[in-house]
Engineer: 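Next up is a structure, given as structure tokens.
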Amino acid sequence: MPSTIPSSDDQPADVDAVVIGAGFSGLYAVYRLREMGLPHRAFEQGSGVGGTWYWNRYPGASSDSESWVYSFTFSPELEQEWTWSCRFPEQPEILRYLEHVADRFDLKSCFDFNTKVVEARWDEAARRWRVQTAQGEEVQARFLITAAGCLSAAQVPAIPGLEDFKGDWYHTGEWPHEPVDFSGKRVGVIGTGSSGIQSIPVIARQAQHLTVFQRTPNFSVPARNAPLSAERIVELKRNIRKIRETCRWSTIGQPYDWRDQEALKLRREEFLAQLEADWQKGGFEWMFGSFKDLLTDREANEIAAEFVREKIRATVKDPVVARKLIPQGYPIGTKRLPLDSGYFETFNRENVSLVDLRETPIERIVAEGVKTSADVHALDTLVFATGFDALTGPLTRLGIRGRDGQTLQQKWAEGPQTYLGLATRGFPNLFMITGPGSPSVLGNMPTSIEQHVDWICDCLLHMKQSGKELIEPASEAEAQWGAHVKELADATLFPQTDSWYMGANIPGKPRVFMPYIGGFGTYRKLCAEIAAKGYEGFLFA
Ligand code: NAP
């Protein structure tokens with residue numbers, strides 16, 4: 001809980017900018033706006049800061065980026081004074097970090113907490129956004145800045161009968177603040193994406209029995225999390241600026257990058273030996289510090305996929321269970337690759353069973369548990385690790401209406417259309433931090449976020465200094481950007497797979513690869529060049 005929750009009573013109702021969200025993006029946005037002296041208001045529906053790390057309190061939740069890169073870079077003092085305990089920090093530690101940042105820079109006083117934005121309507125005559133909160137307040141702002149996250153609209157699937165279930169149920173992305181006690185309970189987890197793969201080993205250690213309901217088997221790479229030694233901390237702090245600079249210009253915002261080498265040019269044994277060496281390092285480097293054709297060449301990808309399948313076979317003792325867990329039929333890495341701590345080993349436990357929903361689909365939820373086509377699985381607690389309406393969901397649910405009352409849902413009926421993932425035509429003075437069409441979820445999020453916030457704030461400063469009131473993308477620039485994002489994605493294996501990157505996890509959502517996959521460093525350079533050319537592709541008034 002935040003130490004102080006400011007009231008909105010004495011807050012201005014007409015400001016330069018409204019920011020929505022108090023995660024990494026919202027915190028840095030209000031920090032920059034305040035430094036620039038731009039009057040602003042900021043709203044957060046939770047009772048405190050943290051965003052993703054405020055909501056995702058499920059057991060085992062942890063960062064998949066290393067702690068020394070999964071953090072802010074804007075303050076060298078902050079970097080030196082904060083010490084991470086381990087390689088991949090867990091949710092409580094990340095939330096403590098964000099609380100610390102908010103307190104250290106006095107950012108909580110910028111936010112109205114417990115305040116949900118229910119509508120933001122562009123008023124063409126007043127040239128203002130009119131932002132309505134659920135609490136009944138209306139605030140006018142010249143600029144609307146969304147800091148609502150990419151994976152914050154939780155998705156509970158429409159399985160019939162949930163209202164009949166006698167036990168407790170939870171979604172990993174909206175976890176209670178009090179720890180959930182699984183001891184002595186029969187627990188079911190539906191979903192084997194990153195959230196399921198992180199929580200399943202922890203829940204299995206507590207529960208009397210755990211039933212995992214798996215629809216699509218997932219690949220996963222060991223995290224090999226470990227505490228940071230005192231020597232490692234000293235070394236990291238000494239080199240931190242250099243590490244950060246490497247992240248800024250890399251493909252996925254990490255301190256490593258693809259090898260400038262194609263896997264298929266190597267002899268198979270050399271390729272496999274390198275995969276094994278990288279496997280031992282743990283983390284995303286196994287894939288994103290590997291060969292550059294892994295995500296573009298199906299043959300190279302298949303060798304890597306088979307390498308992981310072999311690891312699963314070697315880990316899971318029961319061959320029938322192993323067969324069910326082995327992913328087939330889609331390229332590895334084209335669903336977001338989870339990192340795990342003992343996920344496959346968990347299926348060797350006596351108190352864990354696996355239900356393959358492709359063989360026996362869920363028919364409905366009943367009072368006692370989950371009814372599949374074969375059995376009723378009796379449960380006391382049910383956990384939905386079923387993901388999110390990614391990238392567009394957090395924005396469309398804000399009730400944003402642009403010119404002529406058009407909603408984002410209407411504008412994006414065929415898939416998101418943006419320029420650089422920062423702005424969208426017909427919605428003047430709207431900026432989206434890590435919006436669809438930017439690298440966002442394909443990189444280390446804090447790196448993406450800081451670059452976007454800096455770009456937006458520099459643009460606001462430019463507008464202020466040059467007396468410009470309105471900004472929005474030109475139609476042509478937006479169309480070209482959309483075509484470029486698609487062209488880049490089509491050159492990879494990603495569109496071959498049903499994933500949340502493609503919107504495929506949400507019934508009725510257009511099947512479009514949403515993030516920009518040209519690499520974070522390339523994107524950063526492009527954004528800087530566009531700004532240097534007087535914000536080429538944008539129209540000002
Ligand atoms: P997800 O990757 O979308 O996985 C959802 C899982 O639920 C999938 O296994 C899916 O099966 C299953 N599912 C969905 N609807 C279902 C239904 N009706 N019946 C049965 N199964 C169903 O969601 P997530 O695990 O929450 O992860 C989402 C993203 O959040 C991640 O990819 C990652 O980017 C981010 N995240 C990050 C971290 C981290 O960095 N530490 C941790 C957690 C999440 P299908 O595959 O068959 O659809």
Side-chain angles (χ1 to χ4, degrees), residues 24 51-53 55-67 69-70 87-91 93-94 149-162 170-175 188-200 202 211-221 223 225 252-254 283-284 325 327 329-330 333-341 343 354-358 360-365 370 372 382-391 393-394 434 440-446 448 497-507 509 514-515:
F24 268 96
T52 288
W53 305 102
W55 297 103
N56 285 265
R57 297 171 188 242
Y58 61 84
S62 80
S63 164
D64 280 349
S65 283
E66 272 95 348
S67 52
V69 302
Y70 196 78
R87 181 177 179 187
F88 296 109
E90 295 193 351
Q91 176 272 336
E93 187 172 10
I94 306 171
C150 298
L151 293 155
S152 51
Q155 173 73 0
V156 178
I159 303 172
L162 182 55
Y170 308 92
H171 186 285
T172 49
E174 291 177 344
W175 202 259
V189 174
I190 302 181
T192 52
S194 294
S195 305
I197 282 179
Q198 285 190 340
S199 56
I200 283 165
V202 184
T211 307
V212 176
F213 296 91
Q214 170 195 269
R215 191 164 64 183
T216 310
N218 216 336
F219 294 98
S220 183
V221 172
N225 198 9
I252 65 159
Q254 298 284 0
F284 283 141
L325 285 167
Y330 66 93
T334 54
K335 275 176 181 284
R336 189 334 199 122
L337 195 63
L339 300 188
D340 74 272
S341 297
Y343 172 66
L354 177 68
V355 176
D356 183 343
L357 297 178
R358 294 165 310 170
T360 55
I362 296 178
E363 288 184 346
R364 61 179 300 114
I365 294 170
V370 170
T372 65
L382 181 55
V383 174
F384 288 95
T386 46
F388 302 88
D389 183 354
L391 290 147
T434 63
S440 61
V441 289
L442 297 180
N444 177 44
M445 285 310 295
S448 296
T497 300
D498 284 341
S499 67
W500 59 256
Y501 295 129
M502 299 292 299
N505 63 328
I506 303 295
K509 195 166 172 173
M514 293 180 283

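Numbering of ligands and ligand atoms starts at 1, following listing order.
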Engineer: Which atoms of ligand 1 have any heavy atom of Thr192 under 4.0 Å away?
Structural biologist: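 The atoms of ligand 1 under 4.0 Å from a heavy atom of Thr192 are 6 (C), 8 (C), 9 (O).
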Engineer: Side chain, backbone, both or neither: which part of Phe213 has a heavy atom under 4.0 Å from ligand 1?
Structural biologist: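 Looking at Phe213 and ligand 1, no heavy atom falls under 4.0 Å.
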Engineer: If you measure from each non-hydrogen atom of Gln198 to ligand 1, which part falls under 4.0 Å: side chain, backbone, both or neither?
Structural biologist: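 Under 4.0 Å from ligand 1, Gln198 contributes side-chain atoms alone.
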Engineer: Phe384 and Phe213: aromatic ring centres closer than 6.0 Å?
Structural biologist: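 Judged by ring-centre distance (under 6.0 Å), Phe384 and Phe213 do not meet the cut-off.
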Engineer: Starting from atom 42 (C) of ligand 1, find the nearest protein heavy-atom neighbour and note its residue, name and distance.
Structural biologist: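 The answer is Tyr58 OH, 3.3 Å.
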Engineer: Does the Glu90 side chain pair with the main chain of Ser62, one donor and one acceptor, at a distance under 3.5 Å?
Structural biologist: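 No, the answer is negative, given that no donor and acceptor are paired below the 3.5 Å cut-off.
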Engineer: How are the rings of His171 and Phe388 set relative to one another: parallel (under 30°), tilted (30 to 60°) or perpendicular (over 60°)?
Structural biologist: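 Plane angle over 60°, so perpendicular.
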Engineer: Take every heavy atom of Leu151, measure it against each atom of ligand 1, and state whether any distance is under 4.0 Å.
Structural biologist: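 The answer is yes: ligand 1 sits under 4.0 Å from a heavy atom of Leu151.
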Engineer: Given Gly60, Ser63, Pro157, Ser194, identify the one with the heavy atom nearest to atom 18 (N) of ligand 1.
Structural biologist: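 Checking each option, the heavy atom nearest atom 18 (N) of ligand 1 is found in Pro157.
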Engineer: Pick one: which of Val202, Val383, Thr172 meets side-chain contact (heavy atoms from CB on, under 4.5 Å) with Tyr58?
Structural biologist: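 Testing Tyr58 for a side-chain contact (heavy atoms from CB on, under 4.5 Å) against Val202, Val383, Thr172 leaves exactly one candidate, Thr172.
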Engineer: Identify, for atom 12 (C) of ligand 1, the protein heavy atom at the shortest distance, and state residue, atom and that distance.
Structural biologist: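 Here the closest protein heavy atom is Gly191 CA, 3.7 Å.
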Engineer: Would you give the length of the straight line joining atom SG of Cys150 to atom CG of Leu442, rounded to the nearest 0.5 angstrom?
Structural biologist: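 Interatomic distance, Cys150 SG to Leu442 CG, rounded to 0.5 Å: 9.5 Å.
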Engineer: I want to check something: taking the side chain as every heavy atom from C-beta on, are Val156 and Leu162 in contact at a cut-off of under 4.5 Å?
Structural biologist: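 Touching, per the 4.5 Å side-chain cut-off.
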Engineer: Which of these, Gly387, Pro89, Ser499, Ser65, has its nearest heavy atom closest to atom 23 (O) of ligand 1?
Structural biologist: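 When every heavy atom of Gly387, Pro89, Ser499, Ser65 is considered, Gly387 comes closest to atom 23 (O) of ligand 1.
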Engineer: Using a heavy-atom cut-off of under 4.0 Å, does the side chain or the backbone of Leu357 touch ligand 1, or both, or neither?
Structural biologist: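 Just the side chain.
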Engineer: Check each of Gly193, Pro327, Pro338 against atom 2 (O) of ligand 1 and report the one with the nearest heavy atom.
Structural biologist: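 That would be Gly193.
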Engineer: Working note: Ser341 + Asn225, criterion side-chain hydrogen bond (donor to acceptor under 3.5 Å, both in side chains); need CA distance, chi angles, decisive distance, verdict.
Structural biologist: CA-CA 8 Å; Ser341 297; Asn225 198 9; 5.7 Å; no
Engineer: Determine whether a donor-acceptor pair (N or O, by modelled atom type, separation under 3.5 Å) exists between the side chain of Asn218 and the backbone of Pro338.
Structural biologist: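 Pair absent, no side-chain N/O of Asn218 close to backbone of Pro338.
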Engineer: Measuring from atom 46 (O) of ligand 1, which candidate in Lys335, Gln91, Glu90 has the nearest non-hydrogen atom?
Structural biologist: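 Nearest heavy atom to atom 46 (O) of ligand 1 lies in Lys335.
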Engineer: Below the 3.5 angstrom mark, is there an N/O of Ser195, backbone or side chain, next to an N/O of ligand 1?
Structural biologist: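 Yes: some nitrogen or oxygen of Ser195 is under 3.5 Å from one in ligand 1.
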Engineer: Evaluating non-hydrogen atoms only, which member of Pro217, Ala385, Ala504 is closest to atom 5 (C) of ligand 1?
Structural biologist: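 Result: the heavy atom closest to atom 5 (C) of ligand 1 is in Ala385.
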Engineer: My understanding is that we take every heavy atom of each candidate and find the minimum distance to atom 37 (C) of ligand 1. Doing that for Arg336, Met445, Gln155, which one comes out nearest?
Structural biologist: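 Looking at heavy atoms only, the winner is Arg336.
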Engineer: Under 4.0 Å from a heavy atom of Ile190: give me the atoms of ligand 1 that qualify, with their elements.
Structural biologist: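 Counting from 1, the qualifying ligand atoms are 20 (C), 21 (N).
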Engineer: Please list the nearest protein heavy atom to atom 17 (C) of ligand 1 with its residue and the distance rounded to 0.1 Å.
Structural biologist: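 Sorting protein heavy atoms by distance from atom 17 (C) of ligand 1 puts Arg215 NH1, 3.4 Å first.
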Engineer: Kindly compute the distance separating NZ (Lys509) from CE (Met502), expressed to the nearest 0.5 Å.
Structural biologist: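 Answer rounded to 0.5 Å: 11.5 Å.
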Engineer: Is it the side chain, the backbone, both or neither of Ser62 that has a heavy atom closer than 4.0 Å to ligand 1?
Structural biologist: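 Contact part for Ser62 vs ligand 1: backbone (N, CA, C, O).
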Engineer: Could you tell me, atom by atom, which parts of ligand 1 come under 4.0 Å of a heavy atom of Phe388?
Structural biologist: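 Once the distances to Phe388 are compared, the set is 26 (O), 28 (C).
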Engineer: Which protein non-hydrogen atom lies closest to atom 45 (P) of ligand 1, naming both residue and atom, and how far is it?
Structural biologist: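 Nearest neighbour among protein heavy atoms for atom 45 (P) of ligand 1, to 0.1 Å: Thr216 OG1, 3.4 Å.
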Engineer: For atom 32 (O) of ligand 1, find the nearest protein heavy atom and state the residue, atom name and distance (0.1 Å precision).
Structural biologist: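 Checked against all protein heavy atoms, atom 32 (O) of ligand 1 sits closest to Trp500 NE1, 2.9 Å.
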Engineer: If only atom types and distance count, is the side chain of Thr211 paired as donor or acceptor with the main-chain N or O of Gly188 below 3.5 Å?
Structural biologist: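 Between the backbone of Gly188 and the side chain of Thr211 there is no qualifying donor-acceptor contact (under 3.5 Å).
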Engineer: For Gln198 and Asp64, test the side chains for any donor-to-acceptor distance below 3.5 angstrom and give the result as yes or no.
Structural biologist: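 Yes, side-chain donor-acceptor contact under 3.5 Å.
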Engineer: Centroid-to-centroid, Phe88 to Phe284, below 6.0 Å?
Structural biologist: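 That pair fails the under 6.0 Å test.
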